[in-house]
2 protein chains.
Amino acid sequence: MVPAPLLSPGYHPLIRKLESIFPLNDEERQALQDLPMQVAALKEDQDIVREGDRPSRSFAILSGFTCTYKMTGDGKRQIVTFSIAGDMPDLQSLHLKVLDISVATLTPCTVGFIQHEALWDLCTRHPRIAAAFWRECLVEGAIFREWVLNVGRREAYHRMAHILCELLVRLRVVGLAEDHACELPITQVEFADALGITAVHVNRVMQQLRADGLIKSNGSRLSIPDWERLKEAGDFDLTYLHLRRDEAAA
Amino acid sequence: MVPAPLLSPGYHPLIRKLESIFPLNDEERQALQDLPMQVAALKEDQDIVREGDRPSRSFAILSGFTCTYKMTGDGKRQIVTFSIAGDMPDLQSLHLKVLDISVATLTPCTVGFIQHEALWDLCTRHPRIAAAFWRECLVEGAIFREWVLNVGRREAYHRMAHILCELLVRLRVVGLAEDHACELPITQVEFADALGITAVHVNRVMQQLRADGLIKSNGSRLSIPDWERLKEAGDFDLTYLHLRRDEAAA
DNA sequence: GTCTGTCGTTGATCTATGTTACTTTTCTGG
DNA sequence: CCAGAAAAGTAACATAGATCAACGACAGAC
């Protein structure tokens, strides 16, 4: 039911992610490994869950990128977070019956659906895993807070720099980025919806970042020639990601 | 150690708040009632905890208003949420060692500090209370998400309307507001920091809301002559507050 | 190999909101 | 009851970013 490479010890994205914020023992890793999961391959630009849904399962992203978004009444979209391998963007539905967000794929994705019952069972049997999930929800909350700050109080140029820093660090944590480069298949329209600006302005700001030598990009490949200066431009301090040892040192 | 009126059944703000999102039984209510709490009276405009702290206790607000905020590197403040009686703005510190936010009083406040050990103990003994706390953290996260949307994609006028709707509903839930009026001791500067705009603009926008007959205010008293129109102006849908029965019907 | 749609890019113009520098009102402590 | 401070309100001017309307470069479909 689950493709072999995803299950080989040390490669399960969910485990890798959880371990980035919480230390697990062998037994707990095994329990996660054994979690019954219905794996699905999804195309890009597809909603996985929608605002108003009452899901009976959550899902973990095994590969690909998703965004979590909300819409205003007049149809404007705000992306509130991006998610990557190991993330469980609707874990909250375990406790909150009605979803207040939608999650959509940005790229083709592999996701693993896990019945809430199975998660409850796991949490009961392994209270430390329950704590790890709770903790993961809290880290997610911390990211939202930082985004409120980012959107509320930083200019577009710095906002963009900040989000790039966050994405690079988070990708590094799950092994999807080298030191200062990564694959980042996010369009300018998507960045616009995440930063609360227009796509036109994203374009201008990215050009400025390029001109200033803070980033380079060809196609969906991003590389960062001067991490220190990008961090500074983005006013980026990774405390809010609450990583264990400073995984990504950065 | 705890003032009597705060402990009398049915009036403990913490219990009232938890029950607004999670049903408790008598035993659980009692356990919360018995939670050892160090009560403190704080003046206004005081930090209760600061970004970077590593607290060994969390606190519940028993009376008064607080704001949770973050600062940018160049000293701009963003308030990421307001908190009121029953809220535990730094409950996260139970899991996340280093605080990524500061919490300050907006008015004189009574707060009850609770040692993390006591909370852990409570959670172990009463798994449903642990679930309730987890759930509370998730609701808080949902509020942050809505704020990202609010700040990112709504114009100042609508943003202001939205935040007023949220505050009224939340105050109503804990019995601090009548149907369409409440005491709201939040200054225009504070609203500005919460909405990601300037105080000057808050002033303009509030005048517009008044002129449009959506709100009335004298001093710190807010009243809402036309709730339906304010909700509409604020594009407000209380789903994201995840209240139990629709407490505040609204 | 052309067609079609998506994505990135550009320029001209407009506007919501910021900035600065006040004045007026309300609150508070002595 | 008054003085001083904090909060609210005003006005003139500045600007980051929005809006609108193109255009070019690809990539996948057929």
Side-chain angles (χ1 to χ4, degrees), chain A residues 43-46 65 67 72 74-78 104-108 150-164 183-211 215-222 233, chain B residues 43-46 65 67 72 74-78 104-108 150-164 183-211 215-222 233:
Chain A
K43 296 210 195 77
E44 67 190 86
D45 288 318
Q46 242 185 294
F65 282 67
C67 68
T72 61
D74 57 344
K76 279 177 267 185
R77 179 172 76 156
Q78 176 70 43
T105 59
L106 298 176
T107 65
N150 204 33
V151 172
R153 285 295 184 221
R154 292 194 189 105
E155 293 184 350
Y157 179 86
H158 305 287
R159 237 181 265 184
M160 187 79 225
H162 189 281
I163 212 172
L164 292 176
E183 209 56 40
L184 198 64
I186 297 177
T187 68
Q188 296 188 349
V189 172
E190 287 149 4
F191 275 123
D193 284 345
L195 297 175
I197 58 182
T198 59
V200 170
H201 204 53
V202 167
N203 187 280
R204 295 198 253 254
V205 154
M206 291 207 75
Q207 284 182 54
Q208 194 57 54
L209 285 168
R210 270 188 231 115
I215 63 170
K216 280 195 236 175
S217 53
N218 39 348
S220 66
R221 179 132 199 101
L222 172 77
Chain B
K43 296 209 195 78
E44 67 189 87
D45 289 318
Q46 242 185 294
F65 282 67
C67 68
T72 61
D74 57 343
K76 280 177 268 184
R77 178 172 77 156
Q78 175 71 44
T105 58
L106 297 177
T107 64
N150 204 33
V151 172
R153 285 294 183 223
R154 292 194 189 106
E155 293 182 351
Y157 179 86
H158 305 287
R159 238 181 265 184
M160 186 80 223
H162 189 281
I163 214 173
L164 292 175
E183 209 55 40
L184 198 63
I186 297 176
T187 68
Q188 296 187 351
V189 172
E190 287 149 4
F191 275 124
D193 285 344
L195 297 175
I197 59 183
T198 58
V200 170
H201 204 54
V202 168
N203 189 281
R204 294 196 264 248
V205 154
M206 290 207 76
Q207 285 185 53
Q208 194 58 52
L209 285 167
R210 270 189 233 114
I215 63 170
K216 279 195 236 176
S217 53
N218 37 349
S220 65
R221 178 131 201 103
L222 172 78

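In what follows, chains carry the letters A, B, and so on, assigned in the order in which the sequence lines appear, proteins first and then strands, with residues in each chain numbered from 1.
- Taking atom CD1 on I197(B) and atom P on dG18(C), their separation rounds to 6 Å, with Å as the unit.
- When each of T187(A) and V205(B) is assigned the nucleotide of DNA chain C with its nearest heavy atom, T187(A) is the one assigned upstream, toward the 5' end.
- In this model, a donor atom of one side chain and an acceptor atom of the other lie less than 3.5 Å apart for R204(B) and H201(B).
- Side-chain atoms of R204(A) and base atoms of dT19(D) include a donor and an acceptor less than 3.5 Å apart.
- Comparing dG9(D), dT10(D), dA18(D) by their closest approach to the side chain of V200(B) singles out dT10(D).
- Atom P of nucleotide dC26(D) and atom CZ of R221(A) are separated by 19 Å, given to the nearest angstrom.
- In this structure, G219(A) reaches neither bases nor backbone, as no heavy-atom distance under 4.0 Å exists between it and the strands shown.
- In the set dT17(C), dT10(D), dG17(D), dT17(C) carries the atom at the smallest distance from any side-chain atom of R159(B).
- To the nearest 0.5 Å, the span separating CG on L164(B) from CE on M206(B) amounts to 5.5 Å.
- If you take CE of M206(A) and P of dT10(C), they are 13 Å apart, rounded to a whole angstrom.
- Rounded to whole Å, the distance from CD on E155(A) to P on dG17(D) is 5 Å.
- Distances from the side chain of T198(A) to the nucleotides dT17(C), dA18(D), dG11(C) place dA18(D) closest.
- Between V202(B) and M160(B) the shortest side-chain heavy-atom distance falls below 4.5 Å.
- We find that CD of Q208(B) is positioned 12 Å from P of dT17(C), with the value rounded to whole Å.
- The separation between M160(A) atom CE and dG17(D) atom C1' is 15 Å, rounded to whole Å.
- The distance from atom CZ of R153(A) to atom C1' of dG18(C) is 11 Å, rounded to the nearest whole Å.
- Across the protein-nucleic acid pair, R154(B) atom CZ and dA18(D) atom P stand 17 Å apart, rounded to whole Å.
- Between D45(A) and K43(A) there is no salt bridge, since no side-chain N of the basic residue sits under 4.0 Å from a carboxylate O of the acidic one.
- Judged purely by distance below 3.5 Å, without hydrogens or angles, the side chains of E183(B) and S220(B) pair a donor atom with an acceptor atom.
- Residue N203(A) places none of its side-chain N or O atoms closer than 4.0 Å to OP1 or OP2 of dG8(C).
- Taking side-chain N and O atoms only, Q207(A) has no distance below 4.0 Å to OP1 or OP2 of dG8(C).
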